[in-house]
Amino acid sequence: MKLHQRIQRILIACLISLSSVYGKDRTIEFSDQLPPCPAEYLTDCLLASDGSIWITSEGQGIYCLKPLEKAQAGKESWLDISYYHGLKKETNYYSIAEDKQGRIWVGTDNEGVSVFNGEKWKTYNRENALLGERIFDIAVSPVTGDVAIATSGGVNVFKPQTNQWLNLTRAEGLVEDQVETLAYDDKGNLWLGYACGGVSQLSEQQNYKIINTEQAKWYWDKENRVRQPIESFGSGLPSNLCNTILPTKKGDILLGTNSGLAFKKGTSSWKYLRGEDCRDKNQGLWNVKVDRDISSKAGVSLLPEDYVTCLAETKEGWWIGFRQKGAVLINPLNLKKNKLGIFPKNIKNPFVKSLLTLPNGSVYAATYGHGIIKIHEEKKRNQLKVAEREDFPSFPPIPSIKTRDELNQEAVKLNQVVDEENNHKVKKIPYAVAWKEDWATKGDWYGYYGKDYALLCGTCNMGNDIIANLDVKIDSNQILGFHKQKEDSLSVRPHNDNASLNPNVLFNPKTGTRIATEWSDNGEEYASKFDGPDIWTSIQVPEGYHSCSLYFYNYQGKDHNIGTWRDFIIEVRSGKLDEGEKIQMAPILARSRVKDFHGSGVYKTFILSGPETYSIRILNNYSSDAILNGLFISRMDLLKEKMNSIFNNKDVFLLNKKIPITPKGISQERSFLLSLYRHLNAIEKETEFKKILNIWTSEDHEAVQKKFLEEWYHKQDEYAIYRSQEFFPFSPRTLPLTVDECEVIEYMGLDWKSYLPNSKVKPKIELVELQEKISSMSQAELDKLKNQYQKKLIEEISKSYKNRNTKENED
């Protein structure tokens with residue numbers, strides 16, 4: 001038996017023995033201090049009903065701290081849960097929750113959700129259950145036990161009472177498919193905080209129908225320069241950019257946003273309280289004069305920071321975590337600050353991702369970069385009563401695969417929706433709509449994105465690498481935002497010229513490797529509360545509908561001076577950049593948001609109608625700076641033709657040949673296509689449809705990367721220039737020779753591969769000797785050698801041509 005299997009059985013045996021030791025009813029007593037956490041870059045934490053403490057991390061696994069008997073208290077140690085079958089240790093995990101059966105649900109960055117039943121793990125993803133591959137949040141209803149999962153393609157709800165799975169998207173009435181945070185209140189209502197769409201309340205009793213939505217203004221002035229309220233306290237929401245939501249035991253709803261805390265007490269209306277940095281933000285606006293002391297006139301004490309990341313409730317009040325200012329406890333009655341969370345002096349600007357409260361009121365902060373830290377201590381007895389539960393509850397069933405008849409009925413409804421919306425609602429040009437986001441493809445874009453135009457930001461010495469289809473004319477332009485220093489301009493930031501081992505870095509077919517570069521707005525050179533400069537890029541698209549995908553990867557995500565706090569807004573407008581500052585006042589046709597993109601890169605895709613020029617703005621949104629890694633354009637009609645071709649080959653129904661271009665139609669089609677894929681995949685392994693939906697496995701990525709190398713090797717076999725490290729210093733299988741030297745080797749009839757480091761063939765002439773020989777040749781000798789080579793090559797081609805003709809005549 002393998003060592004890891006023996007360890008796994010021992011761990012399971014220990015878990016079972018713990019249950020038997022404690023018996024039916026037991027009391028857990030927690031130690032005064034948790035042991036140091038093995039992971040540093042934490043993303044979420046959980047106190048489970050059995051007293052165990054769980055933490056998730058970015059790239060450092062999942063750990064569990066099991067409670068021990070009182071006599072052994074203080075000897076606890078963190079258990080690496082990847083020892084249990086079915087969990088990948090290297091995956092990035094971003095959310096965790098426990099359902100009423102005691103199962104642990106963990107959300108990943110691009111592989112769906114993994115569920116632990118105490119014995120092993122089981123994964124639910126787009127191939128079998130979910131709408132999206134990225135999981136942002138998970139919540140469990142205290143009333144029904146329903147499990148709500150916020151994914152990159154919408155919300156999935158598992159109902160354990162009926163074993164039913166629900167899809168909630170824009171087609172079902174959501175403001176957008178990207179839900180950043182969700183939670184149930186004590187009545188079973190589900191609250192959604194959108195990535196950039198405000199907050200909605202859904203009724204579980206009405207099959208998750210939306211009963212209320214609240215949104216803030218996007219701009220608070222006519223010039224579109226003020227993106228949050230000037231006042232530090234007021235009514236409504238301060239921002240539509242939601243990060244965390246918490247229904248309290250007293251019936252209040254707390255919402256953490258990028259611009260402060262919003263709260264709704266009972267049946268009253270929403271109010272907000274902002275952070276101390278709102279004063280500096282007001283001063284950093286573009287040609288907007290604001291009284292610096294306007295914040296103090298509200299008569300309330302401000303939060304330490306605007307950017308709220310997490311929330312928790314104790315008997316003392318509301319604990320609020322921040323992106324750079326740790327955490328604070330405030331009194332719900334008067335909103336006064338009770339106390340600050342205590343962090344070690346050597347930790348500056350602590351980024352709190354989640355808060356853990358123990359039964360006695362002690363509070364721990366799960367931080368990004370510094371593990372788990374005790375920030376508030378209570379001297380009361382720290383006990384938790386635990387009831388017996390089933391050791392290994394069964395897993396939730398996979399949703400049943402829809403039949404052909406069910407899919408046909410869905411297709412008819414979808415076609416009717418598309419026809420109705422296209423005929424009555426969308427007749428105008430320009431038109432833009434947010435389509436989807438993709439966390440699974442990573443840097444393996446080639447053949448999936450940019451079928452007509454691909455721009456890799458700053459990947460060559462001369463600037464950008466552009467790969468274009470000559471049949472389609474697509475012009476692009478890019479500038480730094482208008483709120484900037486006069487002499488400043490958009491810059492290219494190289495990180496690593498050889499990032500071949502990082503799958504998140506875009507592959508460059510021109511060089512055969514991955515080069516980590518990006519556009520940057522140089523935001524780190526400005527004051528931290530300066531509103532801008534931002535990145536603007538314009539795209540002139542031809543007639544018809546086109547997908548426009550922007551790729552973001554936070555290569556510096558763990559650098560607390562630059563990359564850790566990146567959180568961008570994307571705005572799409574109609575118009576040209578040469579219109580100057582007027583373009584900022586143009587109506588916003590579509591928008592999206594980008595955050596937490598260090599573990600995996602993400603493609604944010606919009607559908608644009610043409611012919612038209614669109615200007616896209618990437619707001620750094622008080623991050624260190626705004627960045628962009630790639631821009632990709634593809635014609636939508638080609639995608640639709642390919643899809644219908646697949647349907648024909650599979651002898652199934654045809655979808656409407658028109659493209660659904662409304663939010664409802666887009667989301668409804670995506671849900672349908674996932675159901676169709678699962679149906680086809682159950683009959684026979686489906687590959688073509690899988691590519692269209694960007695569904696990936698590690699084997700798929702390996703196959704694509706193998707293909708990348710094969711295409712690069714083919715170039716090297718054909719042309720000597722691709723063998724030279726002088727021209728391609730970081731590309732695979734190159735020689736430490738100049739382009740001229742590589743060409744002379746070809747002219748001399750030598751095997752260039754024999755000079756590779758791992759070659760098993762001994763070169764006819766040693767490399768140093770060869771270089772000396774080439775350097776001693778005159779130009780006349782080189783020309784003669786080249787002419788002889790070309791003559792011989794022509795003769796070989798001619799001979800091959802004659803032999804082929806002779807064979808054809810004989811046949």
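For the single chain, residues carry numbers from 1 onward in sequence order.
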**Request:** State which residues pass side-chain hydrogen bond (donor to acceptor under 3.5 Å, both in side chains) with Asn621; sequence neighbours excluded, sorted by chain then number.
**Result:**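 Expected list: Arg227.
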
**Message:** Centroid separation under 6.0 Å, is that true for the rings of Phe116 and Trp121?
**Reply:**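 Under 6.0 Å, so yes.
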
**Message:** Under 6.0 Å between ring centres: does that hold for Tyr124 and Trp165?
**Reply:**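 When the ring centroids of Tyr124 and Trp165 are compared, they turn out to be within the sub-6.0 Å range.
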
Partner set under side-chain contact (heavy atoms from CB on, under 4.5 Å) for [X], not counting sequence neighbours:
{"X": "Glu133", "result": "Asn110, Arg126, Ser152, Asp438, Trp439, Ala440"}
{"X": "Pro38", "result": "Tyr63, Trp78"}
{"X": "Thr248", "result": "Lys250, Asp252, Leu254, Glu313, Trp318"}
{"X": "Val157", "result": "Asp146, Ala148, Val155, Lys159, Leu166, Leu168, Tyr184, Tyr208"}

**Request:** Quick one: which residue pairs count as a salt bridge (charged side-chain N to carboxylate O under 4.0 Å, His left out) with a foot in residues 179-193, not counting sequence neighbours?
**Result:**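 Salt bridge (charged side-chain N to carboxylate O under 4.0 Å, His left out) check on residues 179-193 returns Glu180-Lys595.
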
**Complete:** Residue pairs meeting salt bridge (charged side-chain N to carboxylate O under 4.0 Å, His left out), one or both in residues 314-328, sequence neighbours left out, come to Glu316-Lys339

**Test side-chain contact (heavy atoms from CB on, under 4.5 Å) applied to Tyr84 and Ile62, step by step** = CA-CA 11 Å; Tyr84 291 93; Ile62 305 171; over 6 Å; no

**Pi-cation contact, Phe597 with Arg134 (under 6.0 Å, within 45°)** =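 Checked: cation-pi criterion not met.
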
**Prompt:** Rounded to the nearest 0.5 Å, what separation is found between the CG atom of Asp109 and the OH atom of Tyr93?
**Reply:** 9.0 Å

**Request:** Mind checking the CD1-CG spacing from Ile96 to Asp137? Nearest 0.5 Å is all I need.
**Result:** 12.0 Å

**Message:** With side-chain hydrogen bond (donor to acceptor under 3.5 Å, both in side chains) as the criterion, how do Ser239 and Thr257 come out once you've worked through the C-alpha distance, each side chain's angles and the decisive distance to 0.1 Å?
**Reply:** CA-CA 6 Å; Ser239 170; Thr257 78; 4.6 Å; no

**Request:** Verify, without hydrogens or angle tests, whether Asn240 (side chain) and Gln215 (backbone) share a donor-acceptor contact under 3.5 angstrom.
**Result:**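 Side chain of Asn240 to backbone of Gln215: no pair is present.
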
**Item:** Sidechain-backbone polar pair: Asn338 side chain, Ile330 backbone, donor-acceptor under 3.5 Å
**Value:** no

Scan the side chains in residues 368-375 for donor-acceptor partners under 3.5 Å anywhere in the protein, sequence neighbours excluded, and list what turns up.
from, atom 1, to, atom 2, distance (Å)
Tyr368, OH, Glu58, OE1, 2.4
Lys374, NZ, Asp32, O, 2.5
Lys374, NZ, Glu377, OE2, 3.4

**Arg103/Glu98 ion pair, N-O < 4.0 Å** = no

**Fill in**
The complete set of side-chain hydrogen bond (donor to acceptor under 3.5 Å, both in side chains) pairs with one or both residues in residues 259-276, sequence neighbours excluded, reads Arg274-Asp306

**Set of ring pair (Phe, Tyr, Trp, His ring centres under 6.0 Å) partners for Phe322, sequence neighbours left out** =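 If we apply the ring pair (Phe, Tyr, Trp, His ring centres under 6.0 Å) test to Phe322, skipping adjacent residues, there are no hits.
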
Donor-acceptor contacts under 3.5 Å from residues 350-358 side chains, at least two apart:
from, atom 1, to, atom 2, distance (Å)
Lys353, NZ, Asp596, OD1, 3.4
Ser354, OG, Asp44, OD1, 3.0

**Request:** For Thr56 and Trp54, test the side chains for any donor-to-acceptor distance below 3.5 angstrom and give the result as yes or no.
**Result:** no

**Item:** Asp277: partners by salt bridge (charged side-chain N to carboxylate O under 4.0 Å, His left out), with sequence neighbours left out
**Value:** Lys529

**Request:** Could you tell me which non-hydrogen atom of Asn117 sits nearest to which non-hydrogen atom of Glu119, and how far apart they are?
**Result:** OD1-N, 3.0 Å

